[in-house]
Q: 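Structure in structure tokens, see below.
Every number for a ligand or one of its atoms is a count from 1 in the order of the listing. Just so it is clear, the structure is predicted and the values come from calculations on it, not from any experiment.
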Amino acid sequence: MKVLVTGGAGYIGSMVCIELLNEGHDVFIVDNFSNSEMGTITKIMGITGKMVQYANVDITDRTALEVIFRSYQFDSVIHLAGKKSVSESIENPLQYYYDNLIGTVMLVQLMQQYDVQSIIFSSSATVYHPASICPIQETATLKSSSPYGRTKLAIENFFRELTAAHSNFSVVLLRYFNPIGAHSSGEMGEKPLEVPNNLLPYLMDAVSGKRPILEVFGNDYDTVDGSGVRDFIHVEDLAKGHIKALYYSMQNTGCEAFNLGSGTGYSVLQLIDTFAKVNEIDVPYHIGLRREGDIPVSFADISKAQRFLGWRPNKTLEEMCIDAWRWQLKLLKEQHVEAQIVFPSKKTV
Ligand code: UD1
């Protein structure tokens, strides 16, 4: 199959491209490199030994995107391009609605024009009502608490209405829980060029001395140890879910949502402890106040993805932590930064 991957140079997109290439598909990446690097494309080719075509194009640039659609007949689109910071979306909702929503509408316009009937969309667990009961099923009430989340929700609604009107169209909505880890080759992983937002980048910044300490946002939740509970999923497992979704989309029309998570909740303190143990390194942290807008517990019911996509995650929390740190060490070396371990550690970096 020939697959267009928007945002294919990003943290998740690059892993999806590797899986697609390993399965023998042709990949065309469209990325504006706002939070990714062109070097990632060379790495994708190095890891897979396969060629990748790409274009430095913003999906809101309809003219440039149309040149690509005119030149290639795609079988499907895996759409990951978009902005993803909750805090930034509160400061700049216009940008978020424009890039995420308008970008998607333009993409779908071109898909219709050039007769591409299948799309896999990168959605998020943030679409679920904050009070959803865990494990969260796809049928849970949808209500997001940030402009970022509401752009995801608006796009999901758009796709539902689109497939209701066009019966040949196939949309798979993948609701990601908390992707962490890096490629097991150690060659690729998350490299946020913008200010990171999530736990793992902060944790690794604290371990490598880029930040003085990791702040744990609250230890007074009604959880196993008081810290928040999340469903961490290895980014390689997540990427494999996209391939299964692609095959599903080839066989089915309509719009269907699937959770992609591990199906297990771990607390922030359990994650820190596991990271420290498996990497034999100290994680400097202190307990701070709850972060506004955080929910206490979130983890997925993944039985629908298991049943209909034939997908199941394989990697453990330990593997997620090992792969994340291996990649971080490589990144530090690449950046010629001497990792300064600020707290006594058992292992020298
Ligand atoms: C966040 C977003 C969510 C988005 C998701 C993926 C919020 C409120 N939610 O989810 O909309 O879809 O990222 O990008 O921003 N934590 C700390 N210290 C830190 C950072 C995080 O203790 O420095 C804790 C958080 O309180 C939370 C857990 O770690 O309990 C995971 O946080 P994070 O990685 O930001 O993901 P989510 O909050 O699940």
Q: What class does the angle between the rings of Phe308 and Phe258 fall in, given that below 30° is parallel, 30 to 60° is tilted and above 60° is perpendicular?
A: tilted
Q: Tell me who clusters with Tyr128, hydrophobic residues only, linked when side chains sit under 4.5 Å apart either directly or through other members.
A: Val127, Ile136, Leu142, Leu153, Phe177
Q: When the ring planes of Phe74 and Phe28 are compared, do they come out parallel, tilted or perpendicular, using 30° and 60° as the limits?
A: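 Geometry flag for Phe28 against Phe74: perpendicular rings.
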Q: Around ligand 1, what residues show up once you keep those with a heavy atom under 4.0 Å from it?
A: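 These residues qualify: Val86, Ser124, Thr126, Tyr148, Asn178, Asn197, Asn198, Leu199, Tyr202, Leu214, Glu215, Val216, Phe217, Gly228, Arg230, Val268, Arg291, Gly293, Asp294.
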Q: If you measure from the Lys or Arg side-chain nitrogens to the Asp or Glu carboxylate oxygens, is any gap between Lys304 and Glu256 under 4.0 Å?
A: yes
Q: Which atom names give the shortest non-hydrogen contact between Gly10 and Asp31, and what distance separates them?
A: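 Distance-wise, the nearest heavy atoms are N-OD2, 3.7 Å.
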Q: Would you call Asp294 and Arg290 a salt bridge, using N to O less than 4.0 angstrom?
A: no
